[in-house]
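Worksheet: one structure, shown below.
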Amino acid sequence: MSKPSIPQGTRDFSPVVVRKRQYILNTLRNIFELYGFQPLETPAMENLVTLTGKYGEEGDRLIFKILNNGLHEKKEQDKVKLNDEWNKVLSKPYSSPVVTERALRYDLTIPFARYVVMNQNELAFPFRRYQMQPVWRADRPQNGRYREFWQCDADVVGSTSLINEAELLCIYQAAFHQLHIPVKIKVNSRKLLAALAELCGTPEKMIDITVALDKLDKIGWDGVTKELRERGIEDAGIDQISKVISITGDNQAKLEQLSTLMVNTPIGLEGIKELSTSLSYYTGLSDAGWGGSIEVYISLARGLNYYTGVIVEVVCDSENVKMGSIGGGGRYDDLTGLFGLKGLSGVGVSFGIDRIYDVLEQLNAFPEQLASGAQVMLVNFGGDNELYAISVLKQLRDAGISAELYPDAVKFDKQMKYANKRAMAYVILPGDEEREKQLVSLKNFATGEQKMITLSECISQLK
RNA sequence: GAGGUUGUAGCUCAGUUGGUUAGAGCAUCAGAUUGUGGUUCUGAGGGUCGAGGGUUCGAGACCCUUCAUCCUCCCCA
């Protein structure tokens, strides 16, 4: 069987799908630019050492490694060495510069950090960048998870101001407002989670508590309790956690109650102050017309363990849509420290393009006119009419009208079927009669209405 | 890393306890229709039944191996 196929976990995007994806990307791009973010692109491949050790043990295994090429030309002793290395690679997860020294990028954050460190002397800090590119993971694909997928990030590095947090919240609000997706934006702080771990008397268990708590929406409080016990949290600690996450009220009320509970944990008070400051900046920057809500959500944890301050997550707030988070982010201190540049703080957000696409599809919220391609097709009648059609074609394009001429003078029926399948808005019939009178017949494909008019009338109607 | 699903025409899938020449719909092509698409009608082409082995008089179906695929858990986006 030699049917063509594509690698597991990859996708083709058909013309209609690409248009819809571009609609999302263009919307986001315009907002990023409006907020003063600059575009950045980095290579599909990075040096393997740039990536290894940055995503945890699990992450290292999911990095797509690129085999070195040209090795077959080397000498006999090199072949022996390569064979040895190959055996190590095949026996277990292992990498060696002899076999592979490059890898496909795993996310956009680490390459961004690498870029910042490499260009630290040229960049104007704080550096605001956005980046929309595919990334690759050697994960096992399943529903909604791919080996090649797109990420879309906006980050600010080199500033600890909470204005940045507020601006990124605004970007979320503005973006989803423009895309017509109702959202709830959940915010929290890693500092509150750290304080929570202190309240439990087990500050070193913060990651365990975080991971368990993150599943609250999925497995419920009973499930979380079970997992916390498994992770070695005492019942007294679980009581504390229960007390904290059962706080209710508006954001202001929640933060006030929290500061009572965390009165003896300085890091908790710090987190509370940061959240409340960010929210007040946000109020000043945001537009009253934006829908959706921002909610302090104490059980929000997020898996990534490099966040250190405010964390944020966006979920679609519609009864008709069941979907996990469609965006997330937070503050990370010292990301560039991994590459030797200390003391740079960053904060960023990420948009889940594929999930946003699915949500728009479910809400039926894509703009109508995205579906069609060329606006008008000219029927090819062959002979002298072909040259006439070409002159009409050129004038249409000169006027900025998207047009195409059917390239072969095949049966009329076939050309009309093609136009129909391509969902053309109009068809122009430049035949014998039209050519002799120097007119065109313009047919509206939706209504079937057709009339013979001058080219300039036609152009003004199509514009 | 663990567990499960499904592989039959370009696509979506039927195919009975194993039994003639493996079917349907859609799509394609041709014709009814040489300047009018979506609707009809008629006809045609297109399959090493994922691959390899086994059981059998006989395998698309049963058994083994293998590959691919999708999904669930883990983890993540």
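Everything numeric here is computed off the predicted structure, so don't read it as measured data. Numbers restart at 1 for each chain; the letters A, B, ... are given by sequence-line order, proteins then strands. Keep in mind that the numbers below use all heavy atoms, side chains included, and drop hydrogens, waters and symmetry copies.
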Parallel, tilted or perpendicular, as decided by the 30° and 60° cut-offs, for the rings of [Y] and [X]:
X: His177(A); Y: His180(A); answer: tilted
X: Phe37(A); Y: Phe32(A); answer: tilted
X: Tyr406(A); Y: Tyr418(A); answer: perpendicular

Could you tell me whether [X] and [Y] have a side-chain N and a carboxylate O separated by less than 4.0 Å?
X: Glu274(A); Y: Arg331(A); value: no
X: Lys226(A); Y: Asp222(A); value: no
X: Asp333(A); Y: Arg190(A); value: no
X: Asp432(A); Y: Arg435(A); value: yes

- Message: Are Phe64(A) and Tyr106(A) an aromatic pair, judged by ring center distance below 6.0 Å?
- Response: no

- Within the structure, does a side-chain N or O atom of Gln415(A) lie under 4.0 Å from either OP1 or OP2 of rU36(B)? no

- Are any of Asn143(A)'s side-chain N or O atoms less than 4.0 Å away from OP1 or OP2 of rC71(B)? yes

- Item | Identified stems (criterion: three or more consecutive Watson-Crick or G-U pairs, under 3.5 Å), RNA chain B | B:1-4 with B:70-73, B:10-13 with B:23-26, B:28-32 with B:40-44, B:50-54 with B:62-66

Classify the nucleic acid contact of [X] as base, sugar-phosphate or nothing, counting any heavy atom under 4.0 Å across all strands shown.
X: Gly144(A); value: base
X: Gly448(A); value: base
X: Gly352(A); value: nothing
X: Glu434(A); value: base
X: Tyr418(A); value: nothing

- Message: Among Val410(A), Val427(A), Asn420(A), which residue satisfies the side chain to side chain contact (heavy atoms under 4.5 Å, CB included) criterion with Gln415(A)?
- Response: Val410(A)

- Message: Just the rounded figure in Å: distance from P of rA27(B) to NZ of Lys414(A).
- Response: 15 Å

Each nucleotide N or O in nucleotides 1-7 of chain B that has a protein N or O under 3.5 Å away: list the pair and distance.
residue, atom, partner, partner atom, Å
rA2(B), N6, Arg140(A), NH1, 3.3

[atom1] atoms of [N] and [M], separation to the nearest Å:
N: rC67(B); M: rU56(B); atom1: C1'; value: 26 Å
N: rC74(B); M: rG58(B); atom1: C1'; value: 47 Å
N: rA2(B); M: rG60(B); atom1: C1'; value: 32 Å
N: rA14(B); M: rC73(B); atom1: C1'; value: 33 Å
N: rG7(B); M: rU48(B); atom1: C1'; value: 15 Å

Output the single nucleotide from [options] whose closest atom is nearest the side chain of [X].
X: Gln8(A); options: rC75(B), rU69(B), rU36(B); result: rU69(B)
X: Arg355(A); options: rC75(B), rG37(B), rA77(B); result: rA77(B)
X: Lys443(A); options: rU36(B), rG35(B), rC70(B); result: rU36(B)

- Note on the structure: Output for pair (Ile185(A) CD1, Leu168(A) CG), nearest 0.5 Å, gives 10.5 Å

Atom pairs, protein N/O to nucleotides 31-33 of chain B N/O, distance under 3.5 Å:
residue, atom, partner, partner atom, Å
rG31(B), OP2, Lys411(A), NZ, 3.3

- Would you tell me whether Glu148(A) and Thr10(A) have side-chain atoms, one donor and one acceptor, within less than 3.5 Å of each other? no

- Message: Counting C-beta onward and ignoring hydrogens, is there a side-chain heavy-atom pair between Pro134(A) and Arg105(A) closer than 4.5 Å?
- Response: yes

